[in-house]
Amino acid sequence: MRFLFRMPRHSEHPNAGQSRRKLQCVFGGGALSPGGFTIALMLALSFAQAAAQFRFGAQMLTMYDDNVNNNHLGSSDQISQFTLQAAHDWEGETISTQGFYAGSLNYFDNHNERTFHYHSVGLVHSRLLGQGATATLNAGATYSLRRNRTAYAFYDHQQLAIYANLKQHLSNDCLGRLSYSLRYFKFAELPEFNYVEHYAFAQLTATLATKTTVILEADLGSKIYTATSLEALAFGHGRHSRGNGHATEAQPQATQFIGIARVGQNLAAGTGLSVTGQYQCNLQKESRYLSYEDGVISDDELFDDHYGYQGPQVSVLLTQLLPAEMVLKISGGVQEKGYAARPAYDLEGNQTATERNDSRQVFGLQLEKTFSRPGFTLGLRYDRIRNASNDLFYDYTNNAVTAQLALQR
């Protein structure tokens with residue numbers, strides 16, 4: 001799964017889109033029933049009409065996932081998601097400031113205890129620089145809060161991010177970008193996993209006369225755990241626990257370099273192809289993870305932190321504009337993931353290899369239809385993941401079908 005509402009690029013974690021993730025955030029601590037989504041969306045639309053001076057968005061989504069936990073157990077669920085976004089802009093000739101809120105709720109029909117909500121507020125300031133305004137400086141801060149039900153309260157966390165980036169037009173056909181972010185992540189029940197992250201990237205974009213776009217990017221991230229010891233982390237239990245249910249004993253820091261190259265080509269009128277290759281390399285391979293797997297999502301900050309593995313990834317995206325303001329997107333990719341200092345096990349909990357290795361193949365098919373008035377987008381999407389792993393618990397196939405209704409004003 002992917003976030004449906006995304007902050008501007010400078011406020012994102014550089015790898016926010018790598019994992020399939022569940023939507024986050026919206027109303028209070030209670031669960032909104034699927035039958036209540038339509039009423040909530042109607043109220044949201046009424047608000048948008050009454051407060052047209054604000055930028056506003058609302059999305060309603062339903063998804064059937066045949067392997068909601070992404071493991072060999074293949075547990076299915078119907079997930080209903082509702083999101084709200086609101087922003088207000090203060091604009092001048094060369095500067096602008098935006099305050100925003102984003103909130104969402106995930107409601108799980110079968111695994112109701114998995115229901116959670118997430119809220120994010122922030123401020124972004126942008127300024128044009130130089131003669132001819134050839135450079136743009138963006139800086140901002142975001143505070144986020146996630147709350148789960150009791151059974152999954154160990155996911156509860158707060159996050160504070162401060163970031164800045166500089167975008168510079170080097171020529172008519174060349175654009176450069178530098179970015180730095182500082183993020184503090186605090187877990188309510190697992191302080192041993194609290195961390196500070198420094199992340200910087202440099203990007204160069206060139207547009208050629210052949211209607212080809214080339215993007216080169218280098219990312220460097222460092223994740224520093226604020227707790228130096230791992231006390232009382234006997235968190236695993238049940239027959240699917242790994243290593244007697246304890247976290248790894250590791251030094252409190254991980255560092256990773258990621259090199260990315262992307263080529264986009266306009267093939268014909270309304271047809272575009274993008275090919276991306278990247279390699280992430282762990283310069284400092286110390287990472288922490290929990291050994292608890294019963295009924296828990298595997299791709300997230302705790303169970304599949306991207307600092308915990310390295311390897312190459314290749315992806316392809318074909319975009320086709322269709323009549324009646326419809327867009328078709330077909331995507332696919334392969335990723336090799338070697339987990340540092342994380343053993344592989346069979347289904348009985350016996351260690352079979354000193355390092356877990358996964359080969360992940362993904363395929364996506366998406367169709368969207370936009371209605372200019374009043375700004376609705378309807379979407380259908382199919383996703384498939386085949387994850388081949390020498391750890392049999394994570395050897396699985398996952399299929400998901402999603403229907404989405406969105407409003408942006």
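Computed from heavy atoms alone, side chains included, the values below leave out hydrogens, waters and symmetry copies.
The side-chain tip of K337 does not point at the ring of Y339 from less than 6.0 angstrom away and within 45° of straight on.
For Y143, the side chain to side chain donor-acceptor pair (under 3.5 Å) partners are Q158, not counting sequence neighbours. Evaluation of the side chain to side chain donor-acceptor pair (under 3.5 Å) rule for D156 yields no partner, not counting sequence neighbours.
Partner of Y309 under the side chain to side chain contact (heavy atoms under 4.5 Å, CB included) criterion, chosen from R342, E336, Q335, E355: Q335. The only member of V401, L328, L380 that meets side chain to side chain contact (heavy atoms under 4.5 Å, CB included) when paired with L365 is L328. Tested against S315 for a side chain to side chain contact (heavy atoms under 4.5 Å, CB included), the candidates V334, T276, V362 yield a single pass: T276.
Ring planes of H117 and H119: perpendicular class, angle over 60° (limits at 30 and 60°).
When ring centroids are compared, Y195 and F193 stay outside the 6.0 Å threshold. Aromatic ring centroids of H88 and F54 lie under 6.0 Å apart.
S80 contributes atom OG, which lies 9.0 Å from atom CE of M60 (distance to the nearest 0.5 angstrom).
The pair R114-D77 does not count as a salt bridge, with every side-chain nitrogen at least 4.0 angstrom from each carboxylate oxygen.
With 3.5 Å as the limit, one finds no donor-acceptor pair spanning the side chains of N165 and S179.
Atom CD of E93 has 12 or fewer neighbouring heavy atoms from other residues, nucleotides or ligands inside a 6.0 Å radius.
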